[in-house]
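First comes the structure, then the notes that go with it.
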Amino acid sequence: MSTHPTATASSPDLDQRPAVTVLTSFSEAAAATVARQLLSADERLLVVGHDISAIRAGRVRRTVRGADGLVEDAAVELVHGCVSCTLREDVLPTLARLASQHPAHGIVLVLPTVVEPEAVAAACAHCLVDGSPVTDVVRFDSYVTVVDAASLLDDLASTDDLRDRRLHAADDDHRAVAEVVVRQIEYADTVVLWGRSDDPFERARLSALLYRLAPWARHLQIGTKNDTGQHHTGQHHTGQHGDSATALLRTGRHDPDAPGPLGRALEGFPIAVHAPDSDCGVVSVLFETRRPFHPKRLYDALEDLTEDLLRGRGQLWIASQPDAVVGFEFAGGGVSMGCLGYWLAALPGDRWGEASDYRRIAADLNWDPYYGDRRTALAFVGLRVDATALTDLLTACLLTDDEITHGFDGWRDLPDPFAGCFPLDDDTAPAHSATAEPS
């Protein structure tokens, strides 16, 4: 999060652009507390926040705070009351303006509770400020998610929509609470467990759960101490002692080329930790196979597959639709499946250039003579999940040896409850890790 005024743009460690740390949390109190700690720890920081409680009426309130107090407090009128408009019309221009006015300051962007950090990354990829990408003038140093220990399990297990809690950001915002919470966690470079607990088992369970939801992230705790008074980070995580805010100021750099959670396996990144044995009740199952799913058996098994889960994510392929990469998500009691694009094996070679370098390298390394790059990689996380039973159920949904012999042409005639759900056309690009434009 610190800036280097004497830097050169060619070196990541000597970068002249002011650094932006994106801070997100489903708990407004947790985010505000951590933001205050960061501001107290580094007087060169500016903390930017947006109140979107009136966003559906087209109004947003922007505040900027520094070490000496309130710097800005402005009401913003939007043409359309939506998150993407807020990011495009005010958030990104504000970051660019502050970078110009305060080049020696780092910036902490505190997102509203229901805004997912991936939406910021998407806005940076698609939106220009004064004709140029915002990343020309600032660098997004780190994405940090703060998790409230008191509400994490309840939110993950909840079947509430944001609308049920009057938190929806638009009239057509039908996201589940659990969806938002897990996406905030999974996109983070650093996950912070915030809040105190006198129960060592509960601390260990939450730590294990967060690690399994985002094993690629750095994990810290603030406000929870072990018996020695040091900040406890769990057996899986990098320990960090001393002042908590100082620890956050030294978070790792964000990789702008790293894929989002659904694109990780396609791009050759690990999607999960396979830990089928219970750790304080937390179980994580990684299911990988080359063999395609039978569409009807998979459809019939979805309810049983997700019965005891808190989270499911990944990619799969269905025998009756062998050209489509199917993305799979489960959170908040609902399954979401959608088309992520073509498998490279289903495209002529001259279209492979449409995929990322990571994607093409991963395909080359794992190419199968018959299936090509088609493969299933699914991750499941839950409490007291029977890993063996879950794996057996998934295996039973795959094509049998006899069905495999019918080949691609025969598979297209299988009974398919998913028919028409994953459309592909000539304009559909290969499955890619880039984020979509936020709505």
message: For Tyr299 and Phe418, I'd like to know if the aromatic rings sit close, meaning centre-to-centre distance below 6.0 Å.
response: yes
task: Could you verify whether a donor N or O on one side chain and an acceptor N or O on the other, from Thr400 and Asp402, lie under 3.5 Å apart?
output: no
Geometric class of the Tyr358/Phe269 ring pair [parallel <30°, tilted 30-60°, perpendicular >60°]: perpendicular
- prompt: Is it true that a side-chain atom of Gln184 and a backbone atom of Phe26 form a donor plus acceptor pair closer than 3.5 Å?
  reply: yes
task: Determine, stepwise, if the pair Arg297 / Glu403 fulfils salt bridge (charged side-chain N to carboxylate O under 4.0 Å, His left out).
output: CA-CA 13 Å; Arg297 289 200 293 271; Glu403 290 164 339; 2.8 Å; yes
message: Whether the side chain of Arg311 engages the backbone of Ala331 through a donor-acceptor N/O pair (distance < 3.5 Å, no angle test) should be reported.
response: no
- request: Assess whether salt bridge (charged side-chain N to carboxylate O under 4.0 Å, His left out) is satisfied between Asp401 and Arg291, documenting all intermediate values.
  value: CA-CA 10 Å; Asp401 289 345; Arg291 188 170 294 215; 2.9 Å; yes
- prompt: Between Arg163 (side chain) and Asp171 (backbone), is there a donor-acceptor pair under 3.5 Å?
  reply: yes
query: Sub-3.5 Å donor-acceptor pair from the side chain of Ser132 to the main-chain atoms of Leu128, do we have one?
result: no
field: Phe140 and Tyr143 aromatic ring geometry - parallel, tilted or perpendicular at 30°/60° bounds
entry: parallel
field: Backbone N/O of His168 and side chain of Arg56: donor-acceptor pair under 3.5 Å
entry: yes
- request: Give the ring-plane orientation class for His254 versus Tyr187, where under 30° counts as parallel, over 60° as perpendicular and anything between as tilted.
  value: tilted
field: Shortest non-hydrogen contact from Ala178 toward Ser158
entry: CB-O, 4.1 Å
task: Start with the C-alpha gap between Asp357 and Arg360, add the side-chain angles, then the distance that decides, and say whether salt bridge (charged side-chain N to carboxylate O under 4.0 Å, His left out) holds.
output: CA-CA 5 Å; Asp357 292 342; Arg360 296 196 303 272; 2.4 Å; yes
task: Run through Phe293, Tyr371, Tyr342, Phe328 and flag the one making a ring pair (Phe, Tyr, Trp, His ring centres under 6.0 Å) with Trp317.
output: Tyr371
